[in-house]
Each structure stands twice: as C-alpha cells, then as structure tokens.
Participant: 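This structure is in structure tokens; I'll ask about it shortly.
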Amino acid sequence: MRPVPGRRLPRSFYARDARVVAPELLNKVLVHGDRAARIVEVEAYAGADDPASHAYRGLTPRTTVMFGPPGHLYVYFTYGMHWCANAVCGPPGVASAVLLRAGVPLAGLSAMEAARPAARRVTDLCSGPAKLCQALGIDGASNGADLVGAKGPTILDDGMPTPTEPGLSARIGVKTGTELPWRWFVEGDPNVSGLGHRARSPRSAPRMGTEP
DNA sequence: ATAGAGATTGCCT
DNA sequence: GGCAATCTCTATA
C-alpha cells in the first residue's frame with residue numbers, strides 16, 4: 001500500500017510539452033517508498049530550444065534519460081553534492097523535462113528528517129530541488145526510473161486540483177533564458193523556494209521586466 | 001590536459 | 001550577504 005492514496009499519472013500525461021505538463025504537476029504527489037510530498041513548485045526545460053536546458057548541447061551520458069520516452073525520472077548530480085529530479089516530457093527524442101523544485105511533506109516525515117539533518121523546521125525538508133530529493137531519498141539510483149511503473153518513485157493524483165492561478169516567474173539559478181517565465185508555484189505556500197525572487201501572478205502583472 | 005561554470009545548499013561573517 | 005563543497009560537462013590548448 002502506498003503511503004498516500006491516489007491515482008498514478010498515466011504515460012499520456014507526460015507525453016506533452018513540458019510547458020503544459022509543468023503547471024499541471026502542481027498539487028500532484030511525488031512518492032518514493034514510504035515518503036511523499038505534494039509538489040508546489042516546478043520549472044519547465046525545453047531541450048533543443050532552451051539554452052538553459054542540460055540537453056541544449058545535445059546528447060551526453062548525463063542527459064540520455066531526457067532524450068528517452070516520457071514518464072521517466074531524470075536525476076542529475078550538480079555542484080558536486082546535490083541530486084535534482086525531473087519528469088521527462090514530450091515524445092521520445094525530444095529532450096524536455098519538468099524540474100521538481102519543492103514540495104509539502106505529506107508522509108514519511110521521520111525518514112525525511114533523518115535524511116535531512118540540516119533541516120530545522122518542516123518547511124526546510126522539501127523547499128528546494130536538492131532538498132526535495134534528499135528528503136525523499138532520490139539519488140542517482142533513481143535516474144531513469146519509470147514513473148508509470150509499479151515500483152520505485154512515482155507521481156500520484158490524489159484529487160487535489162491544480163491551482164487555477166499558479167504563481168509564475170522566470171526560472172531560478174539559470175544564467176540564460178531568463179526572459180522565459182517557465183517557473184510555476186503554488187502561491188503563498190511556505191515550502192516554495194526562492195521567495196525572495198521576484199514573482200508575479202499571471203493576472204496581477206501582465207507586463208514583464210517593468211517592476212522596480 | 002587543464003580550467004571554469006553550473007537547474008544548490010548550508011554555514012560563515 | 002559571501003563563499004566553500006566537489007562532480008559533470010564544455011571550452012580551449
């Protein structure tokens with residue numbers, strides 16, 4: 001029995017453009033073993049069209065999973081110490097993906113706390129892409145895992161709808177493609193990372209780059 | 001072959 | 001706010 005009830009997202013969910021899939025992943029539930037977190041922040045990476053994507057320069061050993069079929073997990077190692085997880089999207093050969101940036105801890109809290117000794121509050125457990133992976137125990141062993149398969153990490157729909165008006169902003173940490181508003185988050189959730197970054201709601205700020 | 005930057009985090013001042 | 005930790009990949013030689 002899974003730690004939380006819900007329906008596994010089908011392959012067809014992931015087989016669309018990452019920019020369509022990303023906002024729909026908000027409020028879905030990432031599950032690994034007995035641990036689960038509700039996804040509240042994501043970013044889309046669009047492969048060949050996107051200079052910020054790892055896949056922009058083509059196929060490498062590291063990005064192989066991104067070029068494969070949708071519905072698999074692309075887990076990469078960065079800064080010499082951190083793992084980050086993406087849901088591979090689009091048809092095979094199109095290297096697009098959605099980076100899972102933050103979550104609300106739902107199940108397996110004690111295991112998350114054990115995995116993240118630096119966390120001092122519950123909101124420190126999953127409030128960042130590398131924190132989320134560390135809390136759920138996702139590392140290189142999960143790279144390429146089939147999210148639609150019966151075992152391993154997966155993503156569930158537990159009935160909570162996606163936000164009708166998610167927060168929207170430029171992606172965090174990237175040096176190129178900063179004009180692209182491809183980061184979505186659940187407005188007001190304390191687990192969302194980068195609260196200090198400028199963010200806007202699609203309706204409240206129709207123009208970009210004009211804020212002081 | 002070697003150097004530098006990177007889809008980050010946590011500890012320091 | 002600054003910066004170290006330290007693997008993968010790219011650029012340059």
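Since we're looking at a predicted model, the values are computed, not measured. Note on naming: letters A, B, ... go to the chains in the order of the sequence lines (proteins, then strands), and numbering restarts at 1 for each one.
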Participant: When you measure from the side-chain N and O atoms of A:T60 to the phosphate of C:dC9, is any distance below 4.0 Å, counting only OP1 and OP2?
Facilitator: yes

Participant: From OH of A:Y79 over to P of B:dC11, roughly how many Å is that when rounded to an integer?
Facilitator: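 It is 18 Å, rounded to the nearest whole Å.
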
Participant: Rounded to whole angstroms, how far apart are NZ on A:K175 and C1' on C:dT10?
Facilitator: 16 Å

Participant: Tell me the interatomic distance from A:I138, atom CD1, to B:dT8, atom P, rounded to whole angstroms.
Facilitator: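 Spelled out: CD1 on A:I138 to P on B:dT8 is 16 Å.
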
Participant: What's the gap between B:dA7 and C:dG1 when it is taken at their C1' atoms, as a whole Å value?
Facilitator: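 22 Å, rounded to whole Å.
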
Participant: Using a 4.0 Å heavy-atom cut-off, does A:R120 contact any base of the nucleic acid, only the sugar-phosphate backbone, or nothing at all?
Facilitator: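 Result for A:R120 = nothing.
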
Participant: Counting heavy atoms from C-beta on, name the nucleotide in C:dA11, C:dA5, B:dA7 closest to the side chain of A:R57.
Facilitator: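 Within the option list, the nearest is C:dA11.
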
Participant: Below 4.0 angstrom from OP1 or OP2 of B:dT9, is there any side-chain N or O of A:H82?
Facilitator: no

Participant: When you measure from the centre of the six-membered ring of A:F13, is the NZ or CZ of A:R16 under 6.0 Å away and within 45° of the axis?
Facilitator: yes

Participant: Considering Watson-Crick and G-U wobble pairs with both distances under 3.5 Å, what does B:dA7 pair with?
Facilitator: none

Participant: A:A130 near the nucleic acid: base, sugar-phosphate alone, or nothing, with a heavy-atom cut-off under 4.0 Å?
Facilitator: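 Sugar-phosphate contact only.
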
Participant: With nearest nucleotides of DNA chain B determined for A:G128 and A:G80 from heavy-atom distances, which residue corresponds to the more 5′ nucleotide?
Facilitator: A:G80

Participant: Using a heavy-atom cut-off of under 4.0 Å over every strand shown, decide if A:R171 touches base, sugar-phosphate, or nothing.
Facilitator: nothing

Participant: Would you say A:R101 places a side-chain N or O within less than 4.0 Å of OP1 or OP2 belonging to B:dT8?
Facilitator: yes

Participant: From the options B:dA7, C:dT8, C:dA5, select the nucleotide whose nearest atom is closest to the side chain of A:M81.
Facilitator: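 So the nucleotide nearest the side chain must be C:dA5.
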
Participant: For A:Y56 and C:dT8, give me the distance from atom OH to atom P, rounded to whole Å.
Facilitator: 24 Å

Participant: Nearest whole Å is fine: how far is C:dC9 P from A:H54 NE2?
Facilitator: 10 Å

Participant: Please state how far atom CE in A:M66 lies from atom P in C:dT8, giving the value in whole angstrom units.
Facilitator: 17 Å

Participant: With the side chain counted from C-beta on, respond yes when A:V174 and A:L180 share a heavy-atom pair under 4.5 Å apart, and no when they do not.
Facilitator: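 SC-SC contact between A:V174 and A:L180 ruled out.
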
Participant: Determine the minimum heavy-atom distance between A:P3 and A:D34, stating which atoms define it.
Facilitator: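 Where A:P3 meets A:D34 most closely, the heavy atoms are CB-O, 3.5 Å.
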
Participant: Shared ILVMFWY cluster between A:L132 and A:L109, side chains joined below 4.5 angstrom?
Facilitator: yes

Participant: Suppose we define a pair by two distances each less than 3.5 Å, Watson-Crick or G-U wobble; what does C:dT6 pair with here?
Facilitator: none

Participant: Taking any heavy-atom pair under 4.0 Å as a contact, classify A:F77: base, sugar-phosphate, or nothing.
Facilitator: sugar-phosphate

Participant: Can you tell me if A:Y76 is stacked onto the base of B:dA7, using a 5.5 Å centroid cut-off and an angle below 30°?
Facilitator: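 Not stacked: fails the 5.5 Å / 30° test.
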
Participant: Evaluate the criterion salt bridge (charged side-chain N to carboxylate O under 4.0 Å, His left out) for residue pair A:R2 and A:D158; output intermediate values, then yes/no.
Facilitator: CA-CA 12 Å; A:R2 288 191 288 261; A:D158 71 344; over 6 Å; no

Participant: Tell me which nucleotide among B:dT9, C:dT8, B:dA7 gets nearest to the side chain of A:R116.
Facilitator: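 Nucleotide nearest to A:R116's side chain: B:dT9.
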
